[in-house]
Amino acid sequence: SPIVHSVRLGLEGDVARWTLSAWASAARRDAWGAWGFAGNPDFDPDARGYERAGAAAARSFVLAPRVAARIDVAGMAGRGLDRFSRFTFDGLEHRLHGSPSAAVRFDRGAVLRSALSATATRAVRGDLFLDVAVVRDPSQGDGFRSFPGLGAAAELRLPWSTLLSAEWGYGPRAPDRDGGRGAHVVRITAYKIL
């Protein structure tokens with residue numbers, strides 16, 4: 001069932017220039033029936049409910065008047081997760097540059113992200129990224145695998161309070177669309193500030 005009822009509790013605070021957060025959630029599907037082919041080994045009839053939790057720490061550093069850096073580390077784990085409820089890298093909550101959305105699904109892991117930003121003019125900003133994740137995907141065995149990622153981005157301020165952002169990322173170990181290794185991800189976004 002695509003309908004999931006859940007409750008999530010979280011804490012966030014600042015300690016010695018670090019932003020720290022922790023959260024936990026419990027979820028239960030509205031209905032849960034067999035899926036896939038008959039005898040599917042991935043289907044668990046007891047997986048109607050599942051729990052997930054995580055913690056993160058982030059800090060920004062001003063290196064020069066127009067240059068800043070950021071480091072962000074996060075860890076997460078879950079219980080009762082299946083292929084639909086496992087964590088995945090995406091464009092919002094769990095970012096990993098160079099990893100296509102939902103290409104890697106995992107039940108526990110850690111991610112280290114870093115960024116270096118430089119403002120060239122009031123209208124142009126550039127970013128460089130270096131990330132690494134170490135995760136366990138039960139469908140790929142019991143061991144942990146690492147996924148490095150790197151990337152670059154440019155943001156341009158346009159007339160009428162509009163921003164245009166172009167971002168590129170490369171993951172040397174990320175699965176590509178043909179089942180091989182090495183994926184490029186490009187994202188172009190326009191924002192209108194109201």
Side-chain angles (χ1 to χ4, degrees), residues 2 4 8 10 12-14 17-23 25 52 54-76 84-106 109-135 137 145-194:
V4 177
R8 178 178 166 133
E12 186 173 316
D14 294 324
R17 298 185 190 150
W18 286 86
T19 300
L20 306 176
S21 62
W23 60 273
S25 68
R52 303 196 311 174
R59 183 172 176 190
S60 295
F61 304 87
V62 176
L63 305 177
R66 293 180 177 232
V67 180
R70 180 174 173 86
I71 188 166
D72 180 345
V73 62
M76 59 222 69
F84 300 108
S85 57
R86 288 184 191 130
F87 299 98
T88 184
F89 301 121
D90 55 32
L92 300 173
E93 190 175 9
H94 304 293
R95 296 194 70 172
L96 182 67
H97 289 89
S99 182
S101 293
V104 176
R105 296 180 182 275
F106 56 98
V111 182
L112 173 68
R113 292 178 287 266
S114 62
L116 179 66
S117 298
T119 304
T121 68
R122 283 190 55 185
V124 178
R125 187 184 85 197
D127 301 303
L128 295 174
F129 307 102
L130 182 60
D131 307 335
V132 66
V134 178
V135 300
D137 180 353
R145 297 182 303 153
S146 64
F147 292 93
L150 56 100
E155 187 175 88
L156 178 64
R157 183 184 298 179
L158 301 174
W160 307 291
S161 300
T162 304
L163 296 175
L164 179 65
S165 173
E167 183 178 309
W168 162 82
Y170 176 67
R173 292 189 185 162
D176 67 10
R177 63 181 173 196
D178 298 325
R181 293 282 176 234
H184 293 270
V185 177
V186 176
R187 179 187 326 224
I188 299 174
T189 310
Y191 303 91
K192 171 69 175 143
I193 300 173
L194 302 176

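Just so you know, residue 1 is the first one in the sequence shown, and it goes up from there. What you see is a predicted model; the values in this text were computed from it and never measured.
- A distance of 6.5 Å separates CE of M76 from CZ of F87, quoted to the nearest 0.5 Å.
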*Does the pair F61 and R17 meet the rule for a side-chain contact (heavy atoms from CB on, under 4.5 Å), with working shown?*
CA-CA 9 Å; F61 304 87; R17 298 185 190 150; over 6 Å; no
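- Exactly one residue among L63, D127, V67 makes a side-chain contact (heavy atoms from CB on, under 4.5 Å) with S117. That residue is D127.
- The environment of R122 atom CZ is sparse: at most 12 non-hydrogen atoms of other residues, nucleotides or ligands sit within 6.0 angstrom.
- Between P100 and V185, the closest heavy-atom pair is N-CG2, 3.8 Å.
- Here the closest non-hydrogen pair linking S99 and A174 is CA-CB, 4.1 Å.
- For the pair P172/R181, no side-chain contact is recorded, criterion being any heavy-atom separation below 4.5 Å from C-beta on.
- Put simply, CZ on R105 and CG on D137 are 9.5 Å apart, with the number rounded to the nearest 0.5 Å.
- Note that the CD1 atom of I188 and the CD atom of E167 stand 11.0 Å from one another [nearest 0.5 Å].
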*Can H184 and W168 be said to form a side-chain contact (heavy atoms from CB on, under 4.5 Å), step by step?*
CA-CA 7 Å; H184 293 270; W168 162 82; 3.1 Å; yes
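- Across all their heavy atoms, A58 and R70 have their closest contact at CB-NH2, 3.2 Å.
- A donor-acceptor pair is defined here as one N or O able to donate and one able to accept, closer than 3.5 Å; such a pair exists between the side chain of S114 and the backbone of L130.
- Nearest heavy atom pair, residue F129 against residue A153, reads CE1-CB, 3.8 Å.
- Interatomic distance, CG of L112 versus CD1 of I71, reported as 5.0 Å (0.5 Å rounding).
- Two residues are said to be in side-chain contact when any heavy atoms from C-beta on lie closer than 4.5 Å; R95 and R113 meet this criterion.
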*Verify side-chain contact (heavy atoms from CB on, under 4.5 Å) between E12 and T19, making sure each step is shown before the conclusion.*
CA-CA 7 Å; E12 186 173 316; T19 300; 3.8 Å; yes
*Kindly determine whether R86 and F106 satisfy side-chain contact (heavy atoms from CB on, under 4.5 Å), including the steps that lead there.*
CA-CA 5 Å; R86 288 184 191 130; F106 56 98; 5.8 Å; no
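- R59 CZ to D72 CG: the interatomic distance, rounded to the nearest 0.5 Å, is 13.5 Å.
- To the nearest 0.5 Å, atoms CD (E155) and CG (L163) are separated by 5.0 Å.
- For T88 (side chain) and V104 (main-chain N/O), a donor-acceptor pair under 3.5 Å exists by modelled atom type.
- Checked against side chain to side chain contact (heavy atoms under 4.5 Å, CB included), R66 has the following partners two or more places apart in sequence or in another chain: T119.
- Scanning all heavy atoms of the two residues, the minimum distance from A183 to P175 falls at CB-O, 3.8 Å.
- Here the side chain of R52 pairs a donor or acceptor atom with the backbone of S85 at under 3.5 angstrom.
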